[in-house]
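Just below is one structure, and these are the notes that go with it.
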Amino acid sequence: MTSRRERRAEQATQTRAGRRRATRRRRPGRLVLAVALTVVVAVVVGGVVLARQRTTQATPDTLPTSAVGDRVDTRGGVVNALSLGPVPSWDPQRIGSRADMAFAGRVFARTLTAYAPSTDPKAQSRLVGDLATDTGTPNQDLTSWTFTLRDGVTWQDGSPVTCEDVAYGISRTFATKDITGGPSDALAVLAVPRGADGTSTYGGPWATGAAARTAQAAYDKAVSCDGQKITFTLSTPVGDFAEMLTQPAFGPVKKSVDRGKDGTYDVFSAGPYMLRGAWEPGRGGTFVRNPHWSAASDPVRKAYPDEIRYQEGLDTEAVAQQVMADNAAGRVSVALGSAPPAIQQHITAVQSLDERSVNPLTGVVDYLVPNVRSAVFKDEKVRLALAAATNRDAYVTAIGGDTAAEPSLSLLPQALPAAHDDDPVGVGFRGDVAKAKALLAEAGVATPVKFTVAYRSDTTSDKAMAALVAGWRQAGFEPTTKPVTDDYFATISTPAAAKDVDVFWSNWAPGWASGSTVLPPLFDSTINLTAAGPGRDYGYFSDKQLDEQMAKTSSVADRRARERGWADVDRRLLQQGAYIGLAERRALYVAGTDVRNLSANAVLGGVVEFADIAVVP
């Protein structure tokens, strides 16, 4: 069986694009994963030459971690974060996008645990204590987790961050009428009673009345404080609960400054930066040093720049052009929004630009879901034949080439510990027409096999689907495309969609560095398939044994073993043709010549890493 690495190495010898990908894999500061395509950042400090000579001999251990010049570990300078935006909220419990979570989590919003920054994508899933002294202590059955807050962590007013602040912050998630937009994992996992309709009996910290007091007591039991120790009691075993806590939604909020639903853009910092003045929606704001932040109490953030000037409402292409021009503002700029495809080709073709860019994978994976209730794809062999006929390389070429995406057989992004190289169908990224035809023959179906495929339509997606259709036709299929332009995911999640569509296009990204945030949400029939529709299991795939395996895997205590378990689940899904992986998306960020320590964090979605970024002082 050929591994993903071997397949990519073989293809790298055949094409110029492949050679560029192979080169980037060997450069620690280059292969980094990214997810948010809507934010752009620029750094502003005096100008220098377009590209600098590196004065040290590069070795595998000393390759520069910065896309431009050598690494610096000195404080100073101003970073202008230029974003298309808009940011919906800076309220920790209301931040929903991975890009905003990553920025907030590195700048002002601290959590009990965090993923440590690293220029090595393979090391970016390393979990460490942030507000907590370590990654927590679970009980034997993983239904209780205890953390101890570290000393010396303070708010921007100098007051200590307490256990009660953490408990209060998390309680706000339950106020679902006022606090909206952020993750609702706390409602799903904490041992707080639910009503007959499945909703929590706890309405958050602002609910009033006798019933509210009873519910508050239940919450206080589920999230309890004892001095510096906080203990969570869960309704079900959760092996990766410590990783769930990396989200700002599980972070502290100081009750005395909380304005509830009116505090959409309020920032009260426990991190290295605080917001100067008020945030202006559509324009942005400036983050300055928090004088009460202590580097000794923070194992995650280096906080090199003096200021981070975040501006939103700026056109992504215009920002990219400004950074490329390397003028007074561009010299200190780094694009956090992906450069448009036409510009990407120019950046990678010009050495001076290519040397100050990163082209990370995003963790967003495109895939296809055969509808197992359709007369066509209820047969496993026909599903596998479609997988064998799928040319992922052609799909990637159509959506912009190797700077836009990486072909993928699996839904598990490469940054996840559960990622694997297996190819159960054995056809590689280009597909195998002969094997597809052989599988159709084994299935005993008449060819051409007619089916309908739905996808979210735009100019690029239309080209990508046409590329797939060409390969399918060669293998004995006769597809009819069904482009959808409005409310795509709402459309395909209705029961009616399964009557008219045989294959659905979709995409997905993990919530944190675990297969638990990919496979159960998409293929666990016990949480998806209801009379109201398929949930996110658009193809109505159901396998009782796999459901049981997913439940068991979720409750494995050892992280490595747990993630190996998710890899096994994924292999079984692929072996049954439950889905067909297409590609993991890339972003391309270009920086100005005064930017240092430029990297992107795979686990945070591949966005630019603000825990380590610096500028020439």
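Side-chain polar atoms of D130 and T113 form no donor-acceptor pair below 3.5 angstrom. Remark: the S410 side chain and the D570 side chain contain an N/O donor-acceptor pair separated by less than 3.5 Å. Between the side chains of Q156 and N290, no donor-acceptor pair is found at a separation under 3.5 Å. Side chain to side chain, Q344 and T403 meet the donor-acceptor criterion of an N or O pair below 3.5 Å. Side-chain polar atoms of S554 and S516 form no donor-acceptor pair below 3.5 angstrom. Using modelled atom types and a 3.5 Å distance limit, the side chains of Q247 and T111 yield no donor-acceptor pair.
Taking all atoms of both residues into account, the shortest heavy-atom contact from I399 to A404 is O-CB, 3.5 Å. Here the closest non-hydrogen pair linking I95 and S89 is CG1-O, 3.6 Å. Across all non-hydrogen atoms, the minimal contact from A329 to Q322 is CB-NE2, 3.3 Å.
Contact of the V72 side chain with the V616 side chain is not registered, since no non-hydrogen atoms from C-beta on lie closer than 4.5 Å. The shortest distance between side-chain heavy atoms of T162 and L149 does not fall below 4.5 Å. Counting heavy atoms from C-beta outward, M324 and I343 have side chains that approach closer than 4.5 Å. R586 places a side-chain heavy atom less than 4.5 Å from the side chain of E406. Side-chain atoms of T246 and Y115, non-hydrogen and from C-beta on, do get closer than 4.5 Å to each other. Between W293 and W155 there is no side-chain heavy-atom pair separated by less than 4.5 Å. Between D326 and R356 there is a side-chain heavy-atom pair separated by less than 4.5 Å. For the pair P299 and R150, the minimum side-chain heavy-atom distance is below 4.5 Å.
With ring centers used as reference points, F108 lies 6.0 Å or more from F268.
The structure places CZ of R301 at 13.5 Å from CZ of F610, a figure rounded to the nearest 0.5 Å. The distance from atom NZ of K302 to atom CG of D73, rounded to the nearest 0.5 Å, is 7.5 Å. How far OH of Y310 is from CD of E280: 14.5 Å, rounded to the nearest 0.5 Å.
Scanning for side chain to side chain donor-acceptor pair (under 3.5 Å) contacts around T517 gives an empty result, with sequence neighbours left out. Residues passing the side chain to side chain donor-acceptor pair (under 3.5 Å) test with R559, sequence neighbours excluded: E243. Residues satisfying the side chain to side chain contact (heavy atoms under 4.5 Å, CB included) test with L275, not counting sequence neighbours, are V267, W279, F287. For the side chain to side chain donor-acceptor pair (under 3.5 Å) test, residues two or more places apart in sequence or in another chain that qualify with D266 are R259.
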Side chain to side chain donor-acceptor pair (under 3.5 Å) evaluation trace for N359 with Y589: CA-CA 6 Å; N359 187 198; Y589 307 134; over 6 Å; no
Verdict with reasoning, D366 to R585, per salt bridge (Lys or Arg N to Asp or Glu O under 4.0 Å): CA-CA 8 Å; D366 296 353; R585 297 282 180 152; 2.7 Å; yes
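Ring planes of F241 and F147: tilted class, angle from 30 to 60°.
Residues in residues 76-91 take part in these salt bridge (Lys or Arg N to Asp or Glu O under 4.0 Å) pairs, two or more places apart or across chains: D91-R94, D91-R172. Applying the salt bridge (Lys or Arg N to Asp or Glu O under 4.0 Å) rule to pairs touching residues 151-165 yields D157-K254, sequence neighbours excluded.
Within 6.0 Å of the CZ atom in R289, the count of heavy atoms belonging to other residues, nucleotides or ligands exceeds 12.
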